[in-house]
Visitor: 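Okay, handing you the structure first.
As the structure lists them, so they are numbered: ligands from 1, and atoms in each ligand from 1. Only this structure's heavy atoms are used, side chains among them; waters, hydrogens and symmetry mates stay out. Just so you know, these numbers come straight off a predicted model, no measurement behind them.
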Amino acid sequence: MIVASNFKTNHNRQSTKEFVDFINNQNYFSEVRIFPPYTALNKFDLAPNIKVGAQNFYPVQNGSFTGEIGFEQLEEFEVETLLVGHSERRHIVGESQETICAKYNFAKAKGCEIVYCVGEPKEIREQGIEAVMSYIWKQFEGIDIEYSELIVAYEPVWAIGTGLSASLEDIKEVLSCLREKIKAPLLYGGSVKVATTKDILEIKDCDGVLVGTASWDVDNFSKMIEIADNL
Ligand code: PEP
């Protein structure tokens, strides 16, 4: 099982260090991923099942891209896992599928683990599963789904940061459609809470959760990993 925390624009350098050290000291055996903001990246001394990654990057080694972070800056911290295609980057920042593909291909060429996020907005969900899957498959255009270091996160846009989670039936249906073509681990993300983690992780094709809001508190995140460890 994979339990991942996306800090988004939360935590600072000190609180991230305390968070990561605490999780690392628990001897969990689930796979754990933590995505702090860039400014809190560090060379953490981690157990092999725990990885700290970046929420974003600019797909260059280095260069003249004011305000951006290239791969050289991530390499300093031995970052091995990257979030690509998160809905807040697609819909708030306005990243196109072309930009997302450029990031994906760059990260793939570097051999990094990629947590690739897909998911539909509310108006598409309201049209039913066929519309949802056709929307989601478009988000795989230009993406190598056979990449060995790929993890896919299904995150319905309307469920992210809203407190509204998709129903277990809806998650199950989308994950089983994804599983028909994708061998990579499949995560669900979208307002996952401690109380809902077990039921979600028990869904047949679900290999883990990607959590934002509810994971920023280290006790909550620990409880989620404990639930995964006990399944
Ligand atoms: C996320 O950022 O990927 C996410 C799922 O956020 P939240 O848990 O807050 O919905």
Visitor: Find all atoms of ligand 1 within a distance of less than 4.0 Å from any non-hydrogen atom belonging to S191, and give their numbers and elements.
Guide: 7 (P), 8 (O), 10 (O)

Visitor: With heavy atoms of G161 as the reference, note each atom of ligand 1 found under 4.0 Å away.
Guide: 7 (P), 9 (O), 10 (O)

Visitor: Quick check on H86 - does any of its heavy atoms sit under 4.0 Å from an atom of ligand 1?
Guide: yes

Visitor: Before accepting this row, confirm whether a basic side-chain N of the pair E95/R90 lies closer than 4.0 Å to the acidic partner's carboxylate O.
Guide: no

Visitor: Pick from L210, I151, I160: which one makes a side chain to side chain contact (heavy atoms under 4.5 Å, CB included) with C117?
Guide: L210

Visitor: What residue and atom, counting heavy atoms only, is the protein's closest point to atom 9 (O) of ligand 1, and at what distance?
Guide: T213 OG1, 2.5 Å

Visitor: Between I160 and ligand 1, which residue portion shows a heavy-atom distance shorter than 4.0 Å: side chain, backbone, both, or neither?
Guide: both

Visitor: Counting only heavy atoms, which portion of A159 has something under 4.0 Å from ligand 1: side chain, backbone, both, or neither?
Guide: backbone

Visitor: Pick one of side chain, backbone, both or neither for how K8 approaches ligand 1, counting any non-hydrogen atom pair under 4.0 Å.
Guide: side chain

Visitor: Is it true that the NZ or CZ of K8 lies under 6.0 Å from the centre of W216's six-membered ring and within 45 degrees of the ring axis?
Guide: no

Visitor: Compute whether any side-chain donor of one residue and acceptor of the other, for E75 and Q61, lie under 3.5 angstrom apart.
Guide: yes

Visitor: Please indicate whether any nitrogen or oxygen in E155 is less than 3.5 Å from any nitrogen or oxygen in ligand 1.
Guide: yes

Visitor: Counting from 1, what ligand 1 atoms have a heavy atom of G190 closer than 4.0 Å?
Guide: 5 (C), 10 (O)

Visitor: Can you name the atoms of ligand 1, numbered from 1 with element, that are less than 4.0 Å from a heavy atom of L210?
Guide: 3 (O), 5 (C)

Visitor: Please determine which of I50, V32, N230 meets the side chain to side chain contact (heavy atoms under 4.5 Å, CB included) test together with I225.
Guide: V32

Visitor: Is the shortest N/O to N/O distance between G212 and ligand 1 below 3.5 Å?
Guide: yes

Visitor: Of F19, F35, F22, which is the lone residue that meets ring pair (Phe, Tyr, Trp, His ring centres under 6.0 Å) with F221?
Guide: F19

Visitor: In terms of side-chain heavy atoms, does Q73 have a donor or acceptor partner in Y58 at a distance below 3.5 Å?
Guide: no

Visitor: If we check side chain to side chain contact (heavy atoms under 4.5 Å, CB included) with V118, which of these qualifies: I100, V174, V157, V152?
Guide: V152

